[in-house]
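The next block holds one structure in the form of structure tokens; read it before the comments.
These numbers come from the heavy atoms of this one structure, side chains and all, not from hydrogens, waters or symmetry mates. Every number for a ligand or one of its atoms is a count from 1 in the order of the listing. Because the structure is predicted, anything quoted here is derived from the model rather than measured.
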Amino acid sequence: MATPLGLSSLFSSRLYTTTPSVFPIHRKEFNRRRIILVTAGGGGKPTILVAEKLGQAGIDLLKKHANVDCSYDLSVEELCTKISLCDALIVRSGTKVGRDVFESSRGRLKVVGRAGVGIDNVDLAAATEYGCLVVNAPTANTVAAAEHGIALLTAMARNVAQADASIKAGKWMRSKYVGVSLVGKTLAVLGFGKVGSEVARRARGLGMHVITHDPYAPADRARAIGVELVSFEVAISTADFISLHLPLTAATSKMLNDETFARMKRGVRIVNVARGGVIDEEALLRALDSGIVAQAALDVFTVEPPVKDNKLVLHESVTATPHLGASTMEAQEGVAVEIAEAVVGALRGELAATAVNAPMVPPEVLRELKPYVVLAEKLGRLAVQLVTGGSGVDAVKVTYASSRSPDDLDTRLLRAMVIKGLIEPISSVFINLVNSDYVAKQRGVKISEERMVLDGSPEDPIEYITVRIANVESRFASALSESGEIKVEGRVKQGVPSLTKVGLFGVDVSLEGSVILCRQVDQPGMIGKVGSILGDENVNVSFMSVGRIAPGKQAVMAIGVDEQPSKETLKKIGDISAIEEFVFLKL
Ligand SMILES: NC(=O)c1ccc[n+]([C@@H]2O[C@H](COP(=O)([O-])OP(=O)(O)OC[C@H]3O[C@@H](n4cnc5c(N)ncnc54)[C@H](O)[C@@H]3O)[C@@H](O)[C@H]2O)c1
Ligand SMILES: O=C(O)[C@H](O)COP(=O)(O)O
């Protein structure tokens, strides 16, 4: 059995395979491998704790394969006590599966199943560290969430909840509850993924003019349902209604805030069935009180359940529901079956397509590929940030230049990491070796791979990796290759992943922190100018390199920074007259 590896959170799990590591791994051979997950229970049936209400079809399926303990509303202490007797745990969003749960399981807990999409309530790093696979059910509640979005939209526009409360209180207030019509109004859907596109489709049926903002959604998918892809600015400033369908990520956290509310049409109405943290709740309260936002309908909150006297929940212009998006009989039956199959499969040792944490890969392979794994993810992350919003990513080519025979180089892990880098920052999906191809296919991203066989010693597995994105525009024109694709190339230098090429320009910058890329007319003093602007703001520069076409001609300067420079600092860099374009990229 393999031992734990101290790699990144994605790869720091205990890795169990039935065969010792071999390198190369041939595809068929790998597919035959089984991951041993069930080690407890004395060879009898495994025990599964279902800690939140799950559809009966799922429970029935679980009971065919395991002892099932359905215990709801457990305190943290009760959960921690029970867990040491369980091989798998199934939860929804209401149970916090923190480090204490994994610690208390003393190694017996092998699978956590999240009966739904979001896994914000599961400590993934701890799960991975304790060798516990986490699986979710990402598709079965999509329609339910979309229907709830539409329910909130229509109920809000016609004051259904407020009027119902009023009539139940013995009042008959017809003029107070005059609503607004939806037909002909503009709805901006922010996030055009699984739920967002279903909401858009339904809103079109209500006669609304639907626009959407999602920098990563293909325009043809939007066009197919009569929806216009627009910039964030156009979406928020022209909408009568805004519906949120984004994952909660660093980029979307508090995306609706004082500044963005100020740019909206006065009287805009907002629906949130995504995650509470996408809205700055204090700012929403201010916008409601000042009349910028006429009404809001909220299914999700930053803290759930919200505190008793939460001002948003109590606000007259707010319609609130207790995270009911996925709560239909049909969705819960679907989710229950989806999660039961995934958990039973994982307990049997099958690879799970909806696994959200660590893949199982032989440690020797991981140890050798570790820096290349990081390089692959960062190249993916860089490349996607160079895409102009709205372009839609559908064709990605990854080239591995290596002196090894193609048979001696298994690139699935690297491809998975490129996909992770490309998709994870813009999605609620967690990507690993198990689910990467599935997710890429589902999102219409075609990944092709190419091997370049080099002469020389095959000691290092790879000389360099190139990631190209075709059919897109770039927000940094210098990142384009001769054939018009976004192109980034990297190498591992003394164990450190480094960016070595952007478009046609050679650079040399270690892939840590963040990177600023500037195209400039090659001339003396540029490094000093940019360096001093960053220095004035105490931004630590870790690396600087300049790649030029020829002396005195154009050059691309790559600057590695430890901290994120402020908008003002970036503007000062952009204002340097010799700088023709620049971009800030987070790694
Ligand atoms: N209330 C509920 O019960 C309920 C039920 C299901 C899903 N959800 C939540 O709804 C959200 C959407 O779920 P999904 O299954 O459609 O996810 P998804 O990954 O299919 O779609 C998310 C979309 O957001 C886009 N996106 C990412 N960053 C963006 C940005 N900065 N600007 C604009 N678009 C951006 C992505 O490109 C993607 O298309 C998630 O937060 C999920 O947790 C809530
Ligand atoms: O992430 C999800 O799937 C939804 O938010 C639903 O959560 P729930 O299963 O707790 O209803």
Checklist entry - Below 4.0 angstrom, N of the basic side chain to O of the carboxylate: do Arg269 and Asp240 qualify? => result no

Checklist entry - At under 4.0 Å between heavy atoms, which part of His148 makes contact with ligand 1: side chain, backbone, both or neither? => result neither

Item to check | atom 3 (O) of ligand 2: the protein heavy-atom neighbour that sits closest, reported with distance to 0.1 Å | outcome: Val117 N, 2.6 Å

Checklist entry - Do Glu52 and Thr95 have side-chain N/O donor and acceptor atoms under 3.5 Å apart? => result yes

Checklist entry - Would you call Arg114 a ligand 2 contact, heavy-atom distance under 4.0 Å? => result yes

Next on the checklist: Side chains of Ser243 and His245 only: does a donor on one sit below 3.5 Å from an acceptor on the other?
Outcome noted: yes

Checklist outcome for this item: Note: ligand 2 atoms sitting under 4.0 Å from heavy atoms of Arg275 are 1 (O), 2 (C), 5 (O)

Checklist entry - How far is atom 4 (C) of ligand 2 from its nearest protein heavy atom, and which residue and atom name does that atom have? => result His323 NE2, 3.6 Å

Checklist outcome for this item: Minimal heavy-atom distance between Phe102 and Val112, with the atoms involved, is CE2-CG2, 3.9 Å

Checklist entry - Are the charged groups of Lys82 and Glu78 less than 4.0 angstrom apart, N to O? => result no

Checklist entry - Has Gln332 got any heavy atom lying under 4.0 angstrom from an atom of ligand 2? => result no

Checklist entry - Can you tell me which residue and heavy atom of the protein come closest to atom 6 (C) of ligand 2, and the distance to 0.1 Å? => result Ala326 CB, 3.5 Å

Next on the checklist: Below 4.0 Å, non-hydrogen atoms only: which portion of Val300 touches ligand 2? Side chain, backbone, both or neither.
Outcome noted: neither

Item to check | Ionic contact status for Asp120 with Arg275, cut-off 4.0 Å | outcome: yes

Next on the checklist: Whether Arg202 and Glu198 form a salt bridge (side-chain N of Lys/Arg under 4.0 Å from carboxylate O of Asp/Glu) is what I want to check.
Outcome noted: yes

Checklist entry - Which protein heavy atom lies closest to atom 11 (O) of ligand 2, and at what distance to 0.1 Å? => result Arg92 NH2, 2.8 Å

Item to check | Which residue and heavy atom of the protein sit nearest atom 5 (C) of ligand 1, plus the separation | outcome: Ala145 CB, 3.5 Å

Next on the checklist: If the contact criterion is a heavy-atom separation under 4.0 Å, does Gly325 count as touching ligand 2?
Outcome noted: no

Checklist entry - Which residue and non-hydrogen atom of the protein lie closest to atom 10 (O) of ligand 2, and at what distance in Å? => result Ser93 OG, 2.4 Å

Next on the checklist: In this structure, does ligand 1 have an atom that sits under 4.0 Å from one of the heavy atoms of Ala326?
Outcome noted: yes

Checklist outcome for this item: of all protein heavy atoms, closest to atom 42 (C) of ligand 1 is Arg275 NH1, 4.4 Å

Checklist entry - Taking 4.0 angstrom as the limit, do Asp437 and Arg415 come out as a salt bridge? => result yes

Checklist outcome for this item: Looking only at protein heavy atoms, what sits closest to atom 13 (O) of ligand 1 is Val195 CG2, 3.9 Å

